[in-house]
Q: 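Have a look at the structure that comes next, please.
Because only heavy atoms are used, hydrogens play no part in the values below, and waters and symmetry mates are left out as well, while side chains stay in.
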Amino acid sequence: MSVLEIRDLHVTVETEEGTTPILNGLTLTIRTGETHAIMGPNGSGKSTLAYTIAGHPKYTVTSGAIALDGEDVLAMSVDERARAGVFLAMQYPVEIPGVTVTNFLRTAKTALDGEAPAIRSWTKDVKAAMKNLRMDAKFAQRNVNEGFSGGEKKRHEILQLEVLKPKIAVLDETDSGLDVDALKVVSEGVNRAKAETNLGVLLITHYTRILRYIRPEFVHVMVNGRIVEEGGPELADRLEEEGYDRYLEPAGDAGA
């Protein structure tokens with residue numbers, strides 16, 4: 001079993017107004033085989049958490065710790081975090097002109113494992129994963145995310161998840177921009193990866209619709225860079241009915 005531990009994490013970012021605190025003492029533990037959903041209003045720090053785990057240079061950790069199986073994640077470079085087993089599915093995947101999906105996936109797998117995968121079994125695995133995600137075989141020869149629709153980008157993120165087999169996957173608003181059919185396919189991919197590899201999942205979302213297909217064991221509500229409530233799937237159901245208003249400071253109390 002692998003464990004990602006986040007302890008009293010404080011993170012800032014530089015803006016036009018100066019140094020701005022985003023995460024303010026966040027604590028969270030994710031184990032392989034578990035699915036955690038983090039929900040909260042816009043600006044609560046959910047994506048900042050995802051990018052901080054992955055090592056985005058825009059975000060500065062001022063205090064706190066992140067460890068994977070006891071190893072200091074914050075001391076690792078981005079590629080070292082990936083090799084250690086951390087995976088990030090981005091909300092807005094970037095284009096990589098001139099690099100085909102096939103070359104991208106094989107290069108990534110080689111970098112993770114330290115050796116190239118056996119071509120026959122690798123090709124078989126990639127084709128099977130693409131078929132499960134209802135991706136046309138021609139997709140493999142397209143340049144990464146170049147001209148992809150929103151649904152294609154998200155399917156490609158989950159294709160990476162399935163073939164690279166990380167320990168912990170951080171999915172940053174994977175449901176964003178997906179229609180119902182694409183949402184089901186993507187969710188099935190996440191569930192399949194978890195069932196096959198005992199993956200630990202940190203699912204970041206605003207809405208409960210993806211949680212109908214990826215059922216979390218744990219739900220965390222994030223507001224102003226902190227976890228303010230935790231529970232099981234029933235908490236997500238309550239959020240769908242009530243929203244986040246009860247966690248937010250009334251406008252009349254701002255600055256008090």
Q: If the test is side chain to side chain contact (heavy atoms under 4.5 Å, CB included), which one of L161, V86, L112, T197 qualifies with P166?
A: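 Exactly one pass, corresponding to L161.
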Q: Drop me the distance from L28's CG to I38's CD1, to the nearest 0.5 angstrom.
A: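 L28 CG to I38 CD1: 5.0 Å, rounded to 0.5 Å.
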Q: Can you tell if the side chain of E162 reaches within under 4.5 Å of the side chain of R192, non-hydrogen atoms only?
A: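 Answer yes - side chains close enough.
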Q: If you measure from NZ on K154 to OG on S176, what distance do you get to the nearest 0.5 Å?
A: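 Here the rounded value is 4.5 Å.
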Q: Taking N143 for its side chain and E146 for its backbone only, find out whether a donor-acceptor pair lies under 3.5 Å.
A: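 Checking the backbone N and O of E146 against the side chain of N143, no donor-acceptor pair under 3.5 Å is found.
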Q: Between CG of N224 and CG of L23, what distance do you get to the nearest 0.5 Å?
A: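 Separation between the atoms: 11.0 Å.
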Q: Where is the tightest heavy-atom contact between D237 and R215, given as atom of each residue plus distance?
A: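 Smallest interatomic distance, heavy atoms only, reads OD2-NH2, 3.4 Å.
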Q: Strictly below 4.0 Å, N to O, side chains only: are R83 and D113 in salt-bridge contact?
A: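 No.
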Q: In terms of hydrophobic clustering (I, L, V, M, F, W, Y; side-chain heavy atoms under 4.5 Å; direct or indirect links), are L171 and F218 co-clustered?
A: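 No, it is not one cluster - the side chains of L171 and F218 are not joined through contacts under 4.5 Å.
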Q: With no hydrogens and no angle check, just 3.5 Å: does a side-chain donor-acceptor pair link Y213 and E188?
A: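 No pair is found: no donor N or O on one side chain lies under 3.5 Å from an acceptor on the other.
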Q: Is there a donor in the side chain of E173 and an acceptor in the side chain of H206, or the other way round, less than 3.5 Å apart?
A: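 Yes, side-chain donor-acceptor contact under 3.5 Å.
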Q: Starting from V163, can I reach V99 by hopping between I/L/V/M/F/W/Y residues whose side chains sit under 4.5 Å apart?
A: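 Yes; tracing contacts between hydrophobic side chains, which count when under 4.5 Å, links both residues.
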Q: Of all heavy-atom pairs between G151 and L178, which one has the smallest distance, and what is that distance?
A: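 Looking at all heavy atoms of both residues, the shortest contact is CA-CD2, 3.6 Å.
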Q: Is the CD atom of E115 crowded by more than 12 outside heavy atoms at less than 6.0 Å?
A: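 Incorrect, the count does not exceed 12.
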Q: Count I, L, V, M, F, W, Y as connected when their side-chain heavy atoms are under 4.5 Å apart, and connections chain through other members. Are V190 and L4 then in the same cluster?
A: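 Shared cluster, no.
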Q: Which is it for E240 and R209 under the salt bridge (Lys or Arg N to Asp or Glu O under 4.0 Å) test, yes or no, and what are the steps along the way?
A: CA-CA 9 Å; E240 184 172 35; R209 65 175 192 152; over 6 Å; no
Q: Consider only side-chain N and O atoms of R226 and T27, and report whether a donor and an acceptor are under 3.5 Å apart.
A: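 T27 and R226 do not have a side-chain donor-acceptor pair below 3.5 Å.
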Q: Take I204 and V170, measure what side chain to side chain contact (heavy atoms under 4.5 Å, CB included) needs, and give me the verdict at the end.
A: CA-CA 8 Å; I204 295 170; V170 181; 4.2 Å; yes
Q: Search all heavy atoms of T110 against all heavy atoms of P117 and return the closest pair with its distance.
A: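 Shortest heavy-atom separation between T110 and P117 comes out as OG1-CD, 3.5 Å.
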Q: Check whether D172 reaches the backbone of A89 with its side chain - one donor and one acceptor, N or O, closer than 3.5 Å.
A: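 No, D172 side chain to A89 backbone: no donor-acceptor pair under 3.5 Å.
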Q: Could you tell me which non-hydrogen atom of P41 sits nearest to which non-hydrogen atom of L248, and how far apart they are?
A: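 Between these two residues, the closest heavy atoms are CG-CD2, 4.0 Å.
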Q: Set out, in order, the CA-CA distance, both residues' side-chain angles and the distance that settles side chain to side chain contact (heavy atoms under 4.5 Å, CB included) for I158 and T174, then state yes or no.
A: CA-CA 9 Å; I158 304 308; T174 297; 4.2 Å; yes
Q: Would you mind reporting whether K194 and T35 have side-chain heavy atoms less than 4.5 Å apart?
A: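 Touching, per the 4.5 Å side-chain cut-off.
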Q: With a 4.5 Å heavy-atom cut-off, do I53 and L88 have their side chains touching?
A: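 Not in contact.
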Q: Using the six-membered ring wherever Trp is involved, compare the ring planes of F148 and F139 and label them parallel, tilted or perpendicular (cut-offs 30° and 60°).
A: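 Tilted: the ring planes of F148 and F139 meet at 30° to 60°.
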Q: Is N103 close to V144 at the side-chain level, that is, under 4.5 Å between some pair of heavy atoms?
A: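 They are not in contact (no side-chain heavy atoms under 4.5 Å apart), so the answer is no.
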Q: Has the side chain of R81 got a donor or acceptor atom that lies under 3.5 Å from a matching backbone atom of V73?
A: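 Checked: pair present.
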Q: Would you say T102's side chain and A140's backbone share a donor-acceptor pair under 3.5 angstrom?
A: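 Between the backbone of A140 and the side chain of T102 there is a qualifying donor-acceptor contact (under 3.5 Å).
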Q: If only side-chain N and O atoms count, and only distance matters, is there a donor-acceptor pair under 3.5 Å linking T19 with E14?
A: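 Side chains of E14 and T19: pair found under 3.5 Å.
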Q: Could you tell me which non-hydrogen atom of V223 sits nearest to which non-hydrogen atom of Y247, and how far apart they are?
A: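 Closest approach of V223 to Y247: CG2-CB, 3.8 Å.
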Q: Would you mind reporting whether R31 and I168 have side-chain heavy atoms less than 4.5 Å apart?
A: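 Sidechains of R31 and I168: no contact.
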Q: Is there a side-chain contact between V11 and L9 (heavy atoms, below 4.5 Å)?
A: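 Counting from C-beta outward, V11 and L9 do come under 4.5 Å.
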Q: Taking the side chain as every heavy atom from C-beta outward, state whether T52 and I66 have any pair of such atoms under 4.5 Å apart.
A: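 Result yes, sub-4.5 Å side-chain heavy-atom pair found.
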Q: Is any side-chain heavy atom of L105 closer than 4.5 Å to a side-chain heavy atom of L159?
A: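 The answer is yes; the side chains approach within 4.5 Å.
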Q: Using the side chain to side chain contact (heavy atoms under 4.5 Å, CB included) rule, take K109 and R106 through it: C-alpha gap first, then chi angles, then the decisive distance, then the call.
A: CA-CA 5 Å; K109 185 65 172 175; R106 186 169 171 79; 5.7 Å; no
Q: Would you check, one step at a time, whether the test side chain to side chain contact (heavy atoms under 4.5 Å, CB included) holds for T100 with R142?
A: CA-CA 5 Å; T100 65; R142 295 173 64 183; over 6 Å; no
Q: Does either side chain, that of T62 or that of T12, offer a donor lying less than 3.5 Å from an acceptor on the other one?
A: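 The criterion, which ignores hydrogens and geometry beyond distance, is not satisfied for T12 and T62.
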Q: For residues I227 and L235: do they belong to one hydrophobic cluster (side chain heavy atoms under 4.5 Å, members Ile, Leu, Val, Met, Phe, Trp, Tyr)?
A: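 Per the 4.5 Å side-chain linkage, I227 and L235 are not co-clustered.
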Q: Evaluate the ring planes of Y59 and Y51, with Trp represented by its six-membered ring, and classify them as parallel (under 30°), tilted (30 to 60°) or perpendicular (over 60°).
A: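 The arrangement is parallel - the two ring planes meet at less than 30°.
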Q: Find the distance between NE2 (H56) and OG1 (T48) and round it off to the nearest 0.5 Å.
A: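 Answer rounded to 0.5 Å: 10.0 Å.
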Q: Quick check: is L133 connected to W122 through a chain of hydrophobic side chains (ILVMFWY, heavy atoms under 4.5 Å apart)?
A: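 Yes: a chain of side-chain contacts under 4.5 Å links W122 to L133.
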Q: Whether the side chain of R7 engages the backbone of G64 through a donor-acceptor N/O pair (distance < 3.5 Å, no angle test) should be reported.
A: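 It does not hold such a pair.
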Q: Counting N and O atoms only, with roles assigned by atom type, does the side chain of E157 sit under 3.5 Å from a partner on the main chain of M90, one being a donor and the other an acceptor?
A: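 Checked: pair present.
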Q: If you measure from CE on M39 to OG1 on T208, what distance do you get to the nearest 0.5 Å?
A: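 The OG1 atom of T208 is 5.5 Å from CE of M39, to the nearest 0.5 Å.
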Q: Find the distance between NZ (K184) and CD1 (I210) and round it off to the nearest 0.5 Å.
A: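 If I round to the nearest 0.5 Å, the distance is 13.5 Å.
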Q: Please give me the minimum heavy-atom distance between G55 and V78, naming the atom from each residue.
A: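 Closest heavy-atom pair between G55 and V78: O-CG2, 3.4 Å.
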Q: Between T60 (side chain only) and V13 (backbone N and O only), is there a donor and an acceptor less than 3.5 Å apart?
A: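 No.
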